[in-house]
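I have placed the structure first, in the form of structure tokens, so that the comments after it can refer back to it.
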There are 2 protein chains.
Amino acid sequence: MNEIKKDNAEEKILNAAQNVFIKKGMDGARMQEIADEAGINKALLHYYFRTKEKLFDAIFKKVFSKILPNLMDMVYSDLPIEKKLGIFVESYIDLLMKNPFLPTFILKEMNRNPDFLAKIIKGTGIQPDKIFAMFKKEMEAGRIRKMDPRDLLVNILGLSIFPIAAGPLMTIMFFENDKEAYKTFIERRKKTITEFILHSILIK
Amino acid sequence: MNEIKKDNAEEKILNAAQNVFIKKGMDGARMQEIADEAGINKALLHYYFRTKEKLFDAIFKKVFSKILPNLMDMVYSDLPIEKKLGIFVESYIDLLMKNPFLPTFILKEMNRNPDFLAKIIKGTGIQPDKIFAMFKKEMEAGRIRKMDPRDLLVNILGLSIFPIAAGPLMTIMFFENDKEAYKTFIERRKKTITEFILHSILIK
DNA sequence: AAATTGTTTAACTACTTGGTCAAAATTAGA
DNA sequence: TCTAATTTTGACCAAGTAGTTAAACAATTT
């Protein structure tokens, strides 16, 4: 069962590396910690992924593909804009709440190495133009207010991502360190973000 | 001139440390690099700030106080909400564009050490309650739509901060790596963010 | 001007870290 | 079963790291 065992080891490494890297970042992560979390020897890490950088790149690529995902679903669906937006925001917040360190990880590491980011973006199937085109269509049909579609996209992402990236700050400042209260707040935001955006852009 | 020289050295260290820490974070920063950038010996760092952690804490405190600043100005001014918001967003984006690594730095490090963050927040003069009270007053006066004031505050911050934290991503995805085009876009956002929010909350 | 105090440095240390290597253990193929 | 390839490991290494120390230098005090 060479095949299965190999996959197991490699998968264990990838899982462990993802956990550690996302939490501590490239600089804060330790190969020993990743090995420990994977339950293997440190030398085995270097057997599968020759260097820390190569392992990190693999993780970043994998993780980055997660964070700009169902955006494209909005393009290829026939639902009205209100529904599209609602579905996207809801599923996106769900994803982020399951991986609360993910936004900070991506933001930090994309600043550390923008060139690598560029490579990856080419690789993902993200076509901002198609999203913009979809927005423009809504504007020309008079359903939403005319504006730079890039602004609209960034606003949607910022409203969704920021409150999770700034989780610790909000938990302390708004909820006296009550983490459950914070979670409830974010849960409610699935609806309020959409409302906030729609109030701003919908033409009644 | 003991006084002046001491101040100079300490100030040079603080400046250098701020530059390096903001760019590389606690884990990525090197004491040697800070010493080099300050133009002094590494041992002198430890003479003024005994450990890396103490130096980092001093920087984080200093820098964090910058990032939640003129928020309170909104509370103590008599301008109409439209003006308050416009002035805040404009000056805030100015601040962030002058220090584009600042948002990511704060976000990353607040996740690394939330306890220390809590201590600092007590120290700053930020009174979220007063901001919320100001929002509520506008709501009760029927000038803006009723909503959770925490949502409103987070939305303002998210719309302002996120596009700068995600600068590299946007520069690549929206502007084919044209950094000037990105800057122009952000410059324009000073206005469009305010418009976007006001369209959402103002009752006409 | 001598002594005391505060500042700065070069050299050093103890330890951590990513990475290597040769040998052991496991698996696959004949 | 015997052999060859693959996978896993413990021990090791060189480079880099935060932090120390003792001595040189500068400033202040007496």
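A, B, ... follow the sequence lines: proteins, then strands. Residue 1 opens every chain.
Between A:Tyr48 atom OH and C:dG18 atom C1' there is a gap of 20 Å when expressed in whole angstrom units. The nearest whole Å value for the distance from the CZ atom in A:Phe49 to the C1' atom in D:dT7 is 15 Å. C:dA22 atom C1' lies 14 Å from atom OH of A:Tyr47, rounded to whole Å. In this structure, CD1 of A:Ile34 is placed 12 Å from P of C:dT17, rounded to the nearest angstrom. In this structure, CD1 of A:Ile40 is placed 19 Å from P of C:dA25, rounded to the nearest angstrom. Protein atom NZ of A:Lys54 is 14 Å distant from nucleotide atom C1' of C:dG18, rounded to whole Å. In this structure, CG of A:Leu45 is placed 12 Å from C1' of D:dT9, rounded to the nearest angstrom. With rounding to whole Å, B:Glu10 atom CD is found 15 Å from C:dG6 atom P.
Here A:Lys24 does not pair with B:Asp27 in a salt bridge; the nearest charged N to carboxylate O distance is not below 4.0 Å. Checked for salt-bridge contact, B:Lys190 and B:Asp94 meet the test: a charged N lies under 4.0 Å from a carboxylate O.
Defined by atom type and a distance below 3.5 Å, a donor-acceptor pair is present between the side-chain atoms of A:Gln32 and A:Asp36.
Judged purely by atom type and a 3.5 angstrom limit, A:Lys62 has no side-chain atom pairing as donor or acceptor with the backbone of A:Asp57.
Between A:Phe185 and A:Phe175, the ring-plane angle classifies as tilted under the 30° and 60° cut-offs. Using a 30° and 60° split on the angle between ring planes, A:Phe56 and A:Phe21 fall in the perpendicular class, above 60°.
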Report task. Heavy atoms under 4.0 Å is the rule here; annotate nucleotides 12-22 of chain D 5' to 3' with B where the base is hit, S where only the sugar-phosphate is, and - elsewhere. Result -> -----SBBBB-
